[in-house]
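We count ligands from 1, going down the list as the structure has it; atoms in each ligand are counted the same way. All values below come from the heavy atoms of this structure, side chains included, with hydrogens, waters and symmetry mates left out.
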Amino acid sequence: MSNSVSVVNENGVAIVTIDNPPVNALSFHVREPLMQALVDLRDDASVSAIVIACAGRTFVAGADITEFGKPVQQPDLRAIVAMLETIAKPTVAAIHGTALGGGLELALGCHFRVADAGARLGLPEVKLGLLPGGGGTVRLPRVVGAAKALKMIVSGTPIGANEAHEAGLVDAVFEGDLVTHAVNFAREIARKGGPFTPVRDRNDGLGETDLAAFDAEAADLARKARGLEAPVACAQAVRNALTLPFDEALAAERALFAKLVASDQSRAQRHLFFAEREAAKLPGKDTPKRRTARVGVIGAGTMGGGIAMAFANGGFSVTLLETSAEPLQRGLGMIEKNYAVSVSRGSLTEDAKRQRLAQFEGSTDYADLADCDLIIEAVFEDMAVKKQVFGKLDAIAKPGAILATNTSYLDINEIAGSISRPQDVLGLHFFSPANVMKLLEIVRADRTAPDALATVVDLARRIGKVAVVVGVCHGFVGNRMLAARGSESEALLLEGATPSQIDKVFTDFGWPMGPFQMGDLAGLDIGWRNRKARGLTAVIADTLCELGRFGQKTGRGFYLYEAGARAGLPDPEVEALIRDKAAEKGVAPRAISAEEIIERTLYPLVNEGAKILEEKIAVRASDIDVVWANGYGFPIGKGGPMFWAGLEGPAKIVERLDQWHQRTGKDVFKPAPLLKRMAETGSWKAEA
Ligand code: 3H9
């Protein structure tokens, strides 16, 4: 018995309770007493069945991730599961909350699993750059079959209790007091008598697996993994479970786990796991929060509609405001259509769709926003227009309502300063489509009240967003760094690189797409309009726009798109245009290496991140990584730009930036003092 594991004998059924808040991770101080308790119960003649349950909000959510990278202290999870499988009396896992990773592997060591109706079960290790290392890849296929196990392990997505029941992973689903149900279940099983087959000795249908179909599916998954090692290793391990004897497959899983846990990719993904949780923490934990029930959204375009859906999906009532009936109906119609797509895909029931739609109220009258606790404007990106909207809100919003702007670039201090309640003003920078994209930049203006900020950080979590608090500057963290990443695009083209060559360097690096593919997808006219408004030019992109080549939507941009195709083809016309422009400017084309492309795009990205940290626009380097991994497609296996800088070698980055700075005189290459300090100390902290 210890603080973390306790045992109660309830008339012959032993209840082993794990209590390791917050998520009952299998830390060493849990494993040791758990092993001891199980050994004792195995040999205890007064016990006829064993139930393993958890205190608190969840069943075991996995191995203790903070222990990875340190020497393993025995007993490890594998030893515990192996020991469990030697127990002849029935063992039952009672699962509430989540049984994830090592938690589900522990449950798979039991003869039976029962679950609360709201429980979720999964093996999410792949999201940490790992595979299940406690026998999950070998046992799960024996219970749910090869195809289902492959899908669960490679995707890492948990399934609900009812689906788990249908799949055979759970033997009974209960509502109400789970432990009481589990004890009754165990008693009844024990009464009926054994023998009880441990999962290792089950082989439900594995022999009938169509290996060719399995391999085709695994190959498809490997292709989609875009350079990530873990999904490929997961598929390999499940295959081993089909083709190798149990113990050999287990040993192979162990070897793959050991390799992955020591890899940079897994370190990067674990870094992001903790970084996302850290980003949501504000100093002053106990800051009171404002009550928020009704949310107002101004503007029913793509962005406003998406924001409104995000809040409705989080359970909030939403008032959607437009200037007149026609755009309002169009916006509401689009929302209904989006939900209908979810229904057709099976991710939403018709009933849930009706309920969601009932949460919306459309209006063309600002007075209808008077009872909203949070109002977000998503109108045209223009300071005068935004100020006008905030002026109206100042007049009608109730006292204490939080007034947010979804601006991507504008000075929120200026907006806040234009009304009588600057303490209630902040930025909520959603990414499109706002109901899908995880990232939310929460922009703290100079006079934003701490409780207003704490409230929106909490709301962000409630609507399932990954939130990062940032300060006011042009483009905040993400778009400001994006500008630095793209600052050399035109120069690289003029000097001899092609759009497809640059994009390939990006996709080889692990990005889902390169900058020119991204420009074509977003629409080149957006940047063109912005440049014109700011008196800036980009010789090649501007010329493309003048030719009506706005990207995918016009079938032509940096690439050529055949009817309906999403992937573009290199266009000789664009390449000729680039050569002509280079000749006009007297730039002689030369061969440009992949290395140079990285140095002139990603090194400035890191450098800008360092400046952002110095200016305290972001509080932590890891916050910047969260922004880039969740909003801009930075490969998760590289952990975000600031983590990647550590892998790449900060000293090398400084040296190369210096050389480019000397060669071009461009500010974007001038190494930030903090980057230089990082090269010396290995830390992004501003003060040594
Ligand atoms: C594994 O199991 C490997 C095995 O196959 C092989 C072994 C040989 N360890 O997310 P939250 C912390 S790999 C340590 O905000 P929620 C988290 O950092 C593991 N700490 O709560 C946070 O700390 P803080 C496979 C953990 O309610 C606090 O708990 N399992 C762990 O929104 C609250 O977390 C997974 O990948 C952990 N395993 O969500 C599951 N998990 O308060 C990972 C959490 O100091 N966990 N913490 O910031 C999750 O997905 C979510 O935490 C969960 C709860 C859904 C459980």
Side-chain angles (χ1 to χ4, degrees), residues 4 18 20-31 34 54 56-82 95-109 118-140 149 152-153 155-160 230 233-234 237-238 250-251 253-262 266-267 269-282 285 314 438 457-458 460-467 620 622 626 636:
S4 310
I18 298 171
N20 185 26
V23 297
N24 290 315
L26 289 172
S27 318
F28 172 63
H29 65 89
V30 171
R31 297 195 307 271
L34 178 61
C54 285
R57 65 191 212 226
T58 180
F59 191 75
V60 174
D64 184 340
I65 305 169
T66 61
E67 289 182 359
F68 293 159
K70 301 176 188 159
V72 180
Q73 287 176 287
Q74 292 297 339
D76 64 6
L77 173 63
R78 297 174 191 114
I80 295 173
V81 177
I95 297 167
H96 76 291
T98 50
L100 298 177
L104 183 55
E105 291 173 304
L106 179 71
L108 282 164
R120 297 184 67 73
L121 298 87
L123 293 172
E125 285 87 342
V126 71
K127 295 183 180 167
L128 299 169
L130 298 170
L131 50 56
T137 65
V138 192
R139 288 189 182 86
L140 188 64
M152 282 179 71
I153 293 171
S155 74
T157 309
I159 59 174
C234 284
V238 177
L250 208 59
E253 177 197 89
R254 178 188 300 225
L256 285 169
F257 183 88
K259 190 168 159 236
L260 288 180
V261 82
S266 176
R267 280 205 305 122
Q269 288 178 253
R270 273 143 45 202
H271 159 76
L272 284 173
F273 175 86
F274 288 113
E276 281 173 17
R277 280 149 186 84
E278 201 60 26
K281 288 179 191 153
L282 287 175
K285 212 171 150 211
K438 283 268 179 214
V457 168
D458 186 54
R461 191 187 48 78
R462 285 164 62 189
I463 62 169
K465 297 294 173 201
V466 176
R620 319 167 183 92
S622 61
V626 173
I636 51 170

Heteroatom proximity flag, Ala63 to ligand 1, N/O under 3.5 Å: yes
Atom 55 (C) of ligand 1: closest protein heavy atom, distance to 0.1 Å, is Leu100 CD1, 4.1 Å
Using distance alone, determine whether Phe273 and ligand 1 share an N or O pair under 3.5 Å. no
Please tell me if the side chains of Leu130 and Val261 come closer than 4.5 Å, counting only heavy atoms from C-beta onward. yes
Yes or no: does Thr58 have any heavy atom under 4.0 Å from an atom of ligand 1? no
Mark the output for Arg57 as yes if a heavy-atom distance to ligand 1 is under 4.0 Å, and as no if none is. yes
If you have a sec, work out which protein heavy atom is nearest atom 26 (C) of ligand 1 and how many Å separate them, to one decimal? Val23 CG2, 4.0 Å
Quick one: nearest non-hydrogen protein atom to atom 9 (N) of ligand 1, plus distance? Ile65 N, 2.9 Å
Considering both backbone and side-chain atoms of Arg277, is one of its nitrogen or oxygen atoms within less than 3.5 Å of a nitrogen or oxygen in ligand 1? yes
Return the residue, atom name and 0.1 Å-rounded distance of the protein heavy atom closest to atom 40 (C) of ligand 1. Ala61 O, 3.2 Å
Test side-chain contact (heavy atoms from CB on, under 4.5 Å) applied to Arg461 - qualifying residues, sequence neighbours left out: Asp458
Please identify which atoms of ligand 1 are closer than 4.0 Å to at least one heavy atom of Glu105. 4 (C), 5 (O), 6 (C)
Around atom 29 (O) of ligand 1, find the nearest protein heavy atom and jot down its residue, atom name and distance. Pro22 CG, 3.3 Å
Assess Gly136 for proximity to ligand 1: is some non-hydrogen atom of it under 4.0 Å away? no
Heavy-atom distances under 4.0 Å are what count here, so tell me which part of Leu128 touches ligand 1: side chain, backbone, both or neither. side chain
Could you check whether any heavy atom of Lys281 sits closer than 4.0 Å to an atom of ligand 1, since that is the contact criterion I want to use? yes
